[in-house]
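Reading through the structure tokens given below for one structure.
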Amino acid sequence: MDDVHLGEDLEEKDTEFTWEVKANNRAYHKQFKKKGFLCWRQKKYKSNAIHTAKYNFFSFLPLNLCEQFRRVSNLYFLFIIILQSIPEISTLPWFTLFAPLVCLLVIRATRDLMDDIGRHRSDKIINNRPCQILKGKSFLWKKWKNLCVGDVVCLSKDSIVPADLLLLASTEPSSLCYVETADIDGETNLKFRQALTVTHHELTSPKKMASFRGTVTCEEPNSRMHHFVGSLEWNSRKYPLDIGNLLLRGCKIRNTDTCYGMVIYAGLDTKIMKNCGKIHLKRTKLDLMMNKLVVMIFLSLVIASMLLTVGFSFMVREFKAKHYYLSSIHVRTEAMESFFIFWGFLILLSVMVPMAMFIIAEFIYLGNSIFINWDLGMYYEPLDMPAKARSTSLNDHLGQVQYIFSDKTGTLTQNIMTFKKCCINGCIYDSDDEHGTLRKRNPYAWNPFADGKLQFYNKELESLVRGRQDRAVQEFWRLLAICHTVMVQEKDNQLLYQAASPDEEALVTAARNFGYVFLSRTQDTITLVELGEERVYQVLAMMDFNSVRKRMSVLVRNPEGSICLYTKGADTVILERLHRKGVMEATTEEVLAAFAEQTLRTLCLAYKDVAEDAYKAWEPEHQEATLLLQNRAQALHQVYNKMEQNLQLLGATAIEDKLQDGVPETIKCLKKGNIKMWVLTGDKPETAVNIGFACQLLSQNMLILEDKDINHLLENYWEENVHQKAFKMMTNHSMALVINGEFLDQLLLSLRKEPRALVQNAVVDEATQEPGVSALDFLQARRISQMWRNFRPSLATSQSVASKIRESPEVRRERAFVDLASKCQAVICCRVTPKQKALVVALVKKYQRVVTLAIGDGANDVNMIKTADIGVGLAGQEGMQAVQNSDYVLAQFCYLQRLLLVHGRWSYMRICKFLRYFFYKTVASMMAQIWFSIFNGFSAQPLYEGWFLALFNLLYSTLPVLYIGLFEQDVTAEKSLKMPELYVAGQRDELFNYGIFMQAIAHGTVTSLLNFFVTILVSTHMSRTGSSRDYQSFGVLVAISGLLSITLEVVLVVKYWTLLFVGSVVLSLSSYVIMTSLTQSLWMYKISPKTFPFLFADYNVLRQPSNLLVIVLNVALNTLPMLALRMIHRAVFKRRPKEEEEAPSEEVAAEPAMRHLRRGIPARRSSYAFSHREGYANLITQGTILRRHTHTDEFGGDTVCESPKPSEEDIASQNKDSVFNPRKISILAKKRRQYFGKGSQEEVHPNASSQTVEKPAATHIDSETKKLPTATSAVSGHLLLSSSEDQAFYSAPSQYTLASQPERMDVRKGPLWKGSSSSRPSQLEVPTEQHSHASS
């Protein structure tokens, strides 16, 4: 396993406030230097050019050679080459090993060079992107790499932010700027940044910006994406700065025509680049094992050479004593002779580590990579995107993966929200148009405001809406059109919604298609078109969403003068605030459970009529709370909570967050292969958990542990002498962890290498908890204590593990967490930064020593992809950064199962068979050199012909081995996918390990013994009968016997005999015949007798029948016993199946002792996952976000020229002054809509009640608006439960199922489970079995 790299890329820099940036002053920044390597001084303020490549022109050769010689095998070959170059001890020419080594180094260097060239090209494209930089008193087009700290930049709509900028001004009201952060945190939703008021008012023209001389003092460059602290000093005054004033590199400007910023961090100092990490050399487990095996073999060869040298010393002494008259020939001493002969033996036996094995392995890796590229099963036709293996050295690692770390947005999901179902007044309305046949005829043609893109259509609901008789239906759609923070613009006579979350856009769009159109809003009004009638509602209060409240409310006064409160939010908080709970409320609760089982994102809607006196009593309290300087948020929450009581339930909505194709099936298949799945996302816990259920990563029966639960467990792990036995017992119950970034900040202290105070000062959600949460915490603590009381009786008291392991508290805590997480079926990490993703991967690698795979599609996943053993990039919509830094490229997540279970398992199986057989055949043929030394006076004389040694691994036995490495299959691809359990063999290293290696060595040794000694015994016997046996004939007999024995072994090892395999065997043996005939020919002997001494040796041996019988005898003795042993082993001594550590079946009921502890999730699962930040409502009510009429000469009449971006060639030559873009001064004028046509009016009831019926409006939502996703919010990350959820904890999960039929479910006549009087059959199927509810 490769070492976990936790260097500078995982290290936080000092964050003292020593970073000083002066606007429009490049000379000031150039004078600062900081200490570099040795005496080298480098610039403190970097340029904006980035360099992510590993090598440059000068460093490629030394760095690549250094990396290559980290392989012990290369060092071994270099050592042997040096020995061979010494004439006194050389037994083989030095170039026989030098040439293959150079070939191997060139092959690997070329592969690394091609990968790095791709990185250089990517860097060049990014560095040469155009942007407008303030030069003099105008903005000029320059390249990104020309940016420097302190420069002022002009950005337009859809531009990518080139560096970390302080927002100075924008054309939006109050200098707001909307950004999309898909390449940073994976979310495609809109977030807003805002300039300081002083810069907004003062910097209104290019001239004023050119004279801007402000100084920003802030923290040093660091990797904390959601944290920034600094101050702006300008005109002798200081102004505080935070992350809300900063535009991060990689963001995309949305819905903002023009904005201006000053560069604070450039290039590699930017936060996204600080999170990218460095490129590390990735090594496979087999590669690292080969290093150890080479060392073992080398030590064995040293020992064998020493033993043979000892034998030589005795032989020399005896020879000199017997043949004293030859003393003049032996001029060296015995010690010197022994010293030289030792090195001679070492060189002779060096072929036991064959160079050919490493060269052939490179071709095998390359071939398997090509097979991945060619696989049509991983080809995605819509994008014309095949799978691509960008790394050719990690294929076998694909067959050993145990942990997958996946991004969520864009990887598991498409981030497309679809309005799927709704429940109004207890009646379920499903879509009548599942196959899209009605949509082709446009069922909303009666509504001129309909956009025609809503996939939901229900005829009965449409008739109720247009009939205007059902007040619940009217209020349902009116609520969706009023209670939100969506902004609207008019473009090309079409309404364009600008939503902070895709959920809100889906709901407002659904209301629009059903005739309730959100038209416009001001600071204190909101205008709707309700079924053709324009109505203006006065907004009295807007009660914003946050992660604690889990709801949003709007208090409005309708045109008739009455006051109404509209509330939407999580079912767990809405249902407990209802005025009463009757039949309809109970039915809605069960419907919500059914929606949750279908993994839909549910949302409850409620309202109430507010009396004028009640409002007048409440309004002063609200006004007083808004004016508080301290504890304002807490006071507002209490005031809001007072108003949001005694609600009347309207119904519920169900939104589908579309998964990528085949995601649930893929995860299920991978889990069967014993692969654990972790989801690391920057999204909110509610969203991530719901996706976990949607993709079947989580199940209803799981015990879900959250931050506080885990903290309690980790404390007990050490303090109460409870160790792995406790966690092993917990595996009897299916568990999952849901944690957030703040928890990881506290956990990963040893990896981050930063002071604890720094982590504790991280930005957290400032939302104050609601009343009753403390009681909830008490219940959670009680549950955990009950859990430990269940575990503890079965645990034997033992000495504390902490006293045995002398580790820091941080390391012990990390080890405990990984131990706990490894026992869970799933882990979801929410609100994590790119660096935290990498730290989580590093944490698992550090303590588990397993093969990890990271998969993602955005720049926020790059660090994780680099840190994991295998990085997979998805070619998605978030750019190509993940692809450019990955080892493998896929178009869809579902292709991951084929990549791992088919190609990964095949590659691992092939390389393992290849290594086992190569070691076997090398030992079987070359070990005879040692046996021959016993009979040749330990003189280090080779047994075989020199050309046989040279061509044995190159020609004579290469093709069958190459066939094994490229084409061997034990089962087909289809069976591999149907039986993912086969994948476990790679995770357990069953196909090649030290035991398998020793078996191969033992098998080869037995083969060499039989070949050598049977031949020598027969030769000795035949010499007694008068036949002569010479050295060359003996060597040829042993060589042919060995070659045929290992060839027959490969025939038996291969699973399938194909024409290609038979051809490879025939070609290998034919090459021996051809090359031997050539090297032993008279013609070659005459050219160089010393080089070709074996004249007609094979011909002389094979023409004697006795020699043929010897060869047949050797082959039979080598093959038949092994064949018999294998058959007996399979038939009689077949291994008993190992007890696999399988995950507990989620269908198995909990043990009685644990039944009251199975918390899991409540039977009514909430999915209120709107991720817009708290504060959008304040922006609306304060008017900050709204456009206002201003004077047209605000910016001195300067205008901006709307010129297209120049090409890279044009940038250098372009000198035209750009003109300043004034802030927009017009608002979206309300366009008066006509009533519906005459035909439509006839369908509508003329007698409308005081609750005026609404008419839908049509709007065209372009492709950009469709991508508006969930905005980030600084949430605490805790999945807080309401009191209703606590009650659900004591009950078994609901098993009501909802039939997906188009008819509605009418419960107004009575409860469905007691029998409905409706003639229509009930669709809510209730199981007949009774559940026992255990109380705690």
Side-chain angles (χ1 to χ4, degrees), residues 92-93 95-97 99-100 103 351 354-357 359-360 363-364 367 914 917-918 920-922 924-926 928-929 942-967 1007 1011 1015 1030-1051 1054 1057-1105 1107-1112 1114-1115 1118-1119:
L92 294 172
F95 54 82
T96 58
L97 197 59
C103 180
V351 292
M355 172 76 71
M357 180 176 69
I359 297 177
I360 295 173
F363 287 102
I364 290 174
F914 161 77
Y917 177 73
F918 214 106
Y920 158 75
K921 80 180 185 68
T922 302
S925 57
M926 299 307 163
Q929 297 276 13
L943 170 63
Y944 303 118
E945 179 189 10
W947 288 102
F948 178 83
L949 288 174
L951 299 175
F952 175 74
N953 284 323
L954 187 62
L955 281 179
Y956 302 160
S957 61
T958 299
L959 291 180
V961 176
L962 196 60
Y963 176 88
I964 289 178
L966 291 176
F967 303 107
T1007 300
N1011 285 335
T1015 303
D1030 62 295
Y1031 150 70
Q1032 291 186 353
S1033 300
F1034 177 77
V1036 167
L1037 270 177
V1038 177
I1040 295 176
S1041 298
L1043 181 60
L1044 293 178
S1045 296
I1046 63 175
T1047 302
L1048 197 57
E1049 172 68 15
V1050 77
V1051 171
V1054 171
W1057 295 348
T1058 62
L1059 290 176
L1060 187 61
F1061 172 69
V1062 174
S1064 67
V1065 173
V1066 172
L1067 284 176
S1068 294
L1069 296 179
S1070 300
S1071 66
Y1072 173 78
V1073 174
I1074 295 171
M1075 294 305 299
T1076 301
S1077 302
L1078 183 63
T1079 58
Q1080 297 180 6
S1081 64
L1082 180 61
W1083 175 61
M1084 299 299 293
Y1085 178 78
K1086 288 180 179 181
I1087 294 175
S1088 178
K1090 290 184 178 180
T1091 309
F1092 305 98
F1094 279 60
L1095 180 62
F1096 298 130
D1098 277 54
Y1099 174 76
N1100 293 330
V1101 168
L1102 295 177
R1103 71 178 183 174
Q1104 298 181 17
N1107 291 334
L1108 296 176
L1109 289 175
V1110 171
I1111 294 173
V1112 172
N1114 286 336
V1115 173
N1118 283 314
T1119 304

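- Around CZ of Phe1096, the count of heavy atoms belonging to other residues, nucleotides or ligands within 6.0 Å exceeds 12.
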| task | Could you please spell out the steps behind the side chain to side chain contact (heavy atoms under 4.5 Å, CB included) verdict for Val351 and Thr922? | result | CA-CA 8 Å; Val351 292; Thr922 302; 5.8 Å; no

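- With hydrogens and angles ignored, the 3.5 Å screen pairs no side-chain donor or acceptor of Glu1049 with any backbone N or O of Asn1118.
- Every residue two or more places apart in sequence or in another chain that forms a side chain to side chain contact (heavy atoms under 4.5 Å, CB included) with Ser1081 is listed here: Trp1083, Met1084.
- Listed by first then second residue, pairs satisfying side chain to side chain donor-acceptor pair (under 3.5 Å) with a partner in residues 1057-1069 read Tyr963-Thr1058, not counting sequence neighbours.
- Here the CG-OG1 distance, from Asp1098 to Thr1076, works out to 5.0 Å after rounding to the nearest 0.5 Å.
- Atom CG of Leu1059 sits in a sparse spot, with 12 or fewer heavy atoms from other residues, nucleotides or ligands closer than 6.0 Å.
- Asn1114 and Ser1045 are not linked by any side-chain donor-acceptor pair at a separation below 3.5 angstrom, with hydrogens and angles left out of the test.
- We find the OH-OG1 distance between Tyr920 and Thr1007 to be 3.5 Å, quoted to the nearest 0.5 Å.
- For the pair Asn1011 and Thr1015, the tightest heavy-atom approach, listed with the atom from each and the gap, is O-OG1, 2.5 Å.
- A pairwise comparison of heavy atoms in Asn1100 and Asn1107 identifies O-ND2, 4.4 Å as the closest pair.
- With rounding to the nearest 0.5 angstrom, the OH atom of Tyr1085 is 12.0 Å from the CZ atom of Phe1094.
- Applying the side chain to side chain donor-acceptor pair (under 3.5 Å) test to pairs two or more places apart or on separate chains, those with a residue in residues 944-961 are Lys921-Asn953, Lys921-Ser957, Glu945-Thr1079, Glu945-Gln1080.
- Rounded to the nearest 0.5 angstrom, Leu1082 CG and Ile1087 CD1 are separated by 10.0 Å.
- The line from OH of Tyr1099 to CD of Gln1104 is 11.0 Å long, rounded to the nearest 0.5 Å.
- In this structure, CD1 on Ile364 lies 4.0 Å from CZ on Phe914, to the nearest 0.5 angstrom.
- Pairing each heavy atom of Ile359 with each of Pro100, the nearest pair is CD1-O, 3.6 Å.
- The shortest side-chain heavy-atom distance between Leu1102 and Ile1040 falls under the 4.5 Å cut-off.
- By the 4.5 Å heavy-atom criterion applied to side chains, Ile1111 and Leu1037 are counted as neighbours.
- Residues Thr1047 and Tyr917 share a closest heavy-atom pair of N-OH, 4.0 Å.
- Residues Ile360 and Leu962 have side chains in contact (heavy-atom distance under 4.5 Å, counting atoms from C-beta outward).
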